[in-house]
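To keep things clear, I will list the structure first and then write my remarks on it.
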Amino acid sequence: MAEPKENQLMEKIVSLCKRRGFVYQSSEIYGGINGFWDYGPLGAELKRNVKELWWNSMTRQREDVVGLEATIIMSPAIWKASGHVDTFSDPMCDCKKCKKRFRADQLCEDQGLKLEKTPEGKFALAAGTKCTSCGSTDLTEPRPFNLMFKTYVGPVESEDNVAYLRPETAQAIFAQFKNVLETSRQKVPFGIAQIGKAFRNEVTPRNYTFRSREFEQMELEFFIKPDEAIEAIHGSVATVPETGHPGEPQPNWGWQAWHRYWVEERVRFYENIGLSRETLGFHVQTADELAHYARATVDILFKFPFSKRDEKGEMKGEELEGIAARSDFDLSQHERFSGKPMGIFDEELRGAWAKLSKEKQDELWKRYYESRKRYLEKSGVPAEQASKDATEDANGLAKGQYIPHVIEPSAGVDRLILGLITNAYTEVTKTDDKGKSETLVVMKFHPRVAPIKVGVLPLLKNKPELVKKAEEVRDLLRPWMNVFYDDGGSIGRRYARQDEAGTPFCVTIDFDTLGEKPELKDTVTIRHRDDGKQERLAIGELLNWLLARIR
RNA sequence: GCGGGCGUAGUUCAAUGGUAGAACGGCAGCCUUCCAAGCUGCACACGAGGGUUCGAUUCCCUUCGCCCGCUCCA
């Protein structure tokens, strides 16, 4: 019962987005292209506002985060180190009888067999592998399914110059970590933020712009000291409450406190742009969901109209952002694959270490050694080499050297835009004196993200004095915000148009503005989008009044 | 990628083997002293390609796209 209703809502939202110029299908005049979407005039403003708010709150308003803008195409070696070349290309095969599709490696494993590799490097199913659905052995050859978009650098298309469009922005940050550290005069703990396009050749793009093949990410990699270093310097690692914001960062925070901190910082961000806590959901990844290198991941979810309900009728929502504690995995991988040291030297740690008791030194040494050894072994380093390398790493720690750990809040911009749009969508049914009712749409965006901040409207179009004054007000506000001037049709129609665009305020220039009532000369009507209420304000106060509400 | 459904103005819909109408919206003009008022006029569509046919938007095939389910989602 609820299902068609939710689809209808989504359809209405899709129509509105097209009709008002928030979102269009990419390449529409050629029939479209699956998984790609364009933003129209209003959508482009909305998205720009969101990205600017993120960038501003993440970098400019903080002492400890700096920005980066890296290329989309990078050395393919980066994707080998990150694991994407391996994990993003699963061999798949189909059952020719019942048309089911399987991951070839899982299918073999389920039957106690092993996926084989031919000498040419192709995959082959083990003899006798059956379809787990219908039992048929008539299966297609396993075909690699690469989720990364591939291209060639240079005019010659050969395997030697294959490159990939980045499937995430994060890796560039790790790859440039040393450069940023050198040039920014930052010290751990600090972060590097980046906004940019990423590409994934999804099997099935679905749910409007939610899962698309080209999308934008806002990612922060926040580098912290390993807990063993914190303990060496401060005696112990701080514990913070499991819920709520832990407050201002403290020097004795370990990864758990930082992780907690970033989850709450991110929730604050969403609240600040109009997504209340009630519209959000949280998913704490369980041990078996976590990637092997991750210590913890909390997903921030948003309840979309297409989100499913569970058996209990509860809606969890879909992921807007994941905040992952990724240990020192990423930098370690790049150190191993590039051969370039990714560790840093911590003067404070070296000094503190020397003052520790032998017992404490041994304990911390041992713990660091174990965690490095675990990483190396899981990454395929032979046991003997792993323990040798881990010993070296632990000896390094004693001299003040370590590879920073990382907390990664990684958000999808386009998902957030869709969340803001569905969250803003409101229908208002009005009945006039004649009993005729109609449903109007009001897009209740937070003024901070609204594409148009203010509509400037002369009450009547055919009175040149009103038009002239309105144009003056428009020009007064225009350097400060996105203003929309409209003199077409009745004033009510123009209000309705701005409601659909989500414009929080409209300024109307009327005869009192011109001095019909002398005491009201040079004042205007301000009309509020969400309740239609009006107030009167002097033009001289207008700019500051608006700025206070849109910032 | 598989199965099912669907593609007609910007949007929502209608009709038809003889090349299409409406409502709303848009634009222009008139009018209009605060919430999609009114009048006049204008523009705009059969997703694409092929086939059958004297003739295809309509029937058939292919393709692209959208929706639902499966699959996938580092």
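Order of the sequence lines fixes the chain letters, A, B, ..., with proteins taken first and strands second; residue numbering starts at 1 for each chain.
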request  = Kindly state each residue pair satisfying salt bridge (Lys or Arg N to Asp or Glu O under 4.0 Å) with at least one member in residues 482-493 of chain A, sequence neighbours excluded.
outcome  = Asp486(A)-Arg497(A)
query = Choosing from rU12(B), rC35(B), rU71(B), which nucleotide comes nearest the side chain of Lys430(A)?
reply = rC35(B)
request  = Write down the distance separating the C1' atoms in rC54(B) and rG1(B), rounded off to the nearest Å.
outcome  = 43 Å
message = Aromatic contact between Phe177(A) and His334(A), with the criterion being ring centroids under 6.0 Å apart: yes or no?
response = no
ask   = Taking only side-chain nitrogens and oxygens of Ser490(A), does any of them come within less than 4.0 Å of OP1 or OP2 of rU32(B)?
value = no
task = May I ask you to say what Tyr24(A) touches in the nucleic acid, namely base, sugar-phosphate or nothing, with a heavy-atom cut-off under 4.0 Å?
result = nothing
key: Value in whole Å for how far the P atom of rC66(B) lies from CE of Met10(A)   = 13 Å
Enumerate the protein-to-nucleotides 42-47 of chain B contacts in which both atoms are nitrogen or oxygen and the separation is below 3.5 Å.
none

Nearest-Å distance for atom pair CG/C1', residues Leu16(A) and rU11(B) = 10 Å
Just the table, please: protein N/O against nucleotides 23-28 of chain B N/O, every pair under 3.5 Å.
{"from": "rG26(B)", "atom 1": "OP1", "to": "Arg497(A)", "atom 2": "NH1", "distance (Å)": "2.6"}
{"from": "rG26(B)", "atom 1": "OP2", "to": "Arg493(A)", "atom 2": "NH1", "distance (Å)": "2.7"}

query = For atom C1', what is the distance between rC44(B) and rA22(B), given to the nearest Å?
reply = 14 Å
inquiry  = Using side-chain heavy atoms (C-beta onward) and a distance below 4.5 Å, is Leu9(A) in contact with Tyr425(A)?
reply    = yes
Donor-acceptor pair (no angle test) under 3.5 Å: Glu500(A) side chain, rA36(B) base = yes
query = Are Phe304(A) and Asn207(A) close enough that some pair of their side-chain heavy atoms sits under 4.5 Å apart?
reply = no
message = Which nucleotide wins on minimum distance to the side chain of Val203(A), given the candidates rU33(B), rC66(B), rC72(B)?
response = rC72(B)
salt_bridge(Lys521(A), Glu516(A)) N-O dist < 4.0 Å = no
key: Residues which pass salt bridge (charged side-chain N to carboxylate O under 4.0 Å, His left out) with Arg549(A), listed by chain and number, not counting sequence neighbours   = none
query = With a cut-off of 6.0 Å (strictly less than), are more than 12 heavy atoms of other residues, nucleotides or ligands near CD of Glu519(A)?
reply = yes
note = Across all chains, not counting sequence neighbours, the side-chain hydrogen bond (donor to acceptor under 3.5 Å, both in side chains) partners of Asn201(A) are Arg213(A)
inquiry  = Would Arg266(A) and Tyr270(A) count as a cation-pi pair here, with the cationic atom under 6.0 angstrom from the ring centre and within 45° of the axis?
reply    = yes
request  = Between Arg326(A) and Gly32(A), just flag the one whose closest nucleotide in RNA chain B comes earlier from the 5' side.
outcome  = Gly32(A)
request  = Give a yes or no on whether the backbone of Val14(A) and the side-chain of Arg19(A) come within a donor-acceptor separation of less than 3.5 Å.
outcome  = no
ask   = Which pairs pass ring-ring contact (aromatic ring centres under 6.0 Å, His included) with one or both residues in residues 486-509 of chain A, sequence neighbours excluded?
value = Phe505(A)-His528(A), Phe505(A)-Trp545(A)
query = Between atom CZ in Arg213(A) and atom C1' in rG1(B), what is the gap in whole Å?
reply = 11 Å
inquiry  = Without decimals, in angstroms, what is the distance between Ile13(A) CD1 and rC67(B) P?
reply    = 13 Å
ask   = Taking the nucleotide of RNA chain B with the closest heavy atom to each, which residue, Gln217(A) or Leu440(A), is nearer the 5' end?
value = Leu440(A)
query = Distance check: side-chain N/O of Lys18(A) vs OP1/OP2 of rU11(B), anything under 4.0 Å?
reply = yes
request  = Decide, yes or no, whether a salt bridge links Glu427(A) with Lys12(A) under the criterion of side-chain N to carboxylate O below 4.0 Å.
outcome  = yes
key: Nearest-angstrom distance from the residue atom CD of Gln8(A) to P of rU11(B)   = 18 Å
ask   = To the nearest Å, how far apart are Phe306(A) CZ and rC68(B) P?
value = 9 Å
note = Sorted by chain and residue number, the side-chain hydrogen bond (donor to acceptor under 3.5 Å, both in side chains) partners of Asp522(A) (sequence neighbours excluded) come out as Lys469(A)
key: C1' spacing across the pair rU16(B) / rU8(B), given as an integer number of angstrom   = 12 Å
key: Rounded P spacing from rA9(B) to rU57(B) in Å   = 15 Å
ask   = Do any side-chain nitrogens or oxygens of Asn34(A) fall under 4.0 Å of OP1 or OP2 in rC64(B)?
value = no
query = Within this structure, what is the CD-to-C1' distance between Glu11(A) and rC13(B), rounded to whole angstrom?
reply = 13 Å
key: Partner set under side-chain hydrogen bond (donor to acceptor under 3.5 Å, both in side chains) for Tyr164(A), not counting sequence neighbours   = none
ask   = Reckon Asn462(A) has a side-chain N or O less than 4.0 Å from the OP1 or OP2 of rU32(B)?
value = yes
query = side-chain hydrogen bond (donor to acceptor under 3.5 Å, both in side chains) with Lys197(A): which residues, sequence neighbours excluded?
reply = Glu214(A)
key: P atoms of rU58(B) and rC46(B), separation to the nearest Å   = 12 Å
message = So if I take residues 505-528 of chain A and measure heavy-atom distances to RNA chain B, which residues fall below 4.0 Å?
response = Thr508(A), Asp510(A), Phe511(A), Glu516(A), Thr525(A), Arg527(A)
query = Base, sugar-phosphate, or nothing for Leu466(A), non-hydrogen atoms under 4.0 angstrom?
reply = nothing
task = Pick the P atom in rC60(B) and in rG17(B), then give their distance to the nearest Å.
result = 14 Å
request  = Could you check how far CG of Asn207(A) sits from P of rG65(B), rounded to whole Å?
outcome  = 17 Å
request  = Pick the P atom in rA48(B) and in rA56(B), then give their distance to the nearest Å.
outcome  = 14 Å
inquiry  = Given the structure, check if the side chain of Gln534(A) and the base of rC34(B) hold any donor-acceptor pair shorter than 3.5 Å.
reply    = yes
request  = Rounded to whole angstrom, note down the P distance from rU19(B) over to rA36(B).
outcome  = 41 Å
key: Residues which pass salt bridge (charged side-chain N to carboxylate O under 4.0 Å, His left out) with Arg166(A), listed by chain and number, not counting sequence neighbours   = none
ask   = Using Watson-Crick and G-U wobble pairs whose two distances are both under 3.5 Å, how do you write the pairing of RNA chain B as dot-bracket, with | for links to another strand?
value = (((((((..((((....[..)))).(((((.......)))))....(((((..]....))))))))))))....
inquiry  = Please determine whether a side-chain nitrogen of the Lys or Arg among Asp531(A) and Lys444(A) lies less than 4.0 Å from a carboxylate oxygen of the Asp or Glu.
reply    = no
query = Is Thr204(A) touching bases, backbone alone, or none of the nucleic acid, heavy atoms closer than 4.0 Å?
reply = base
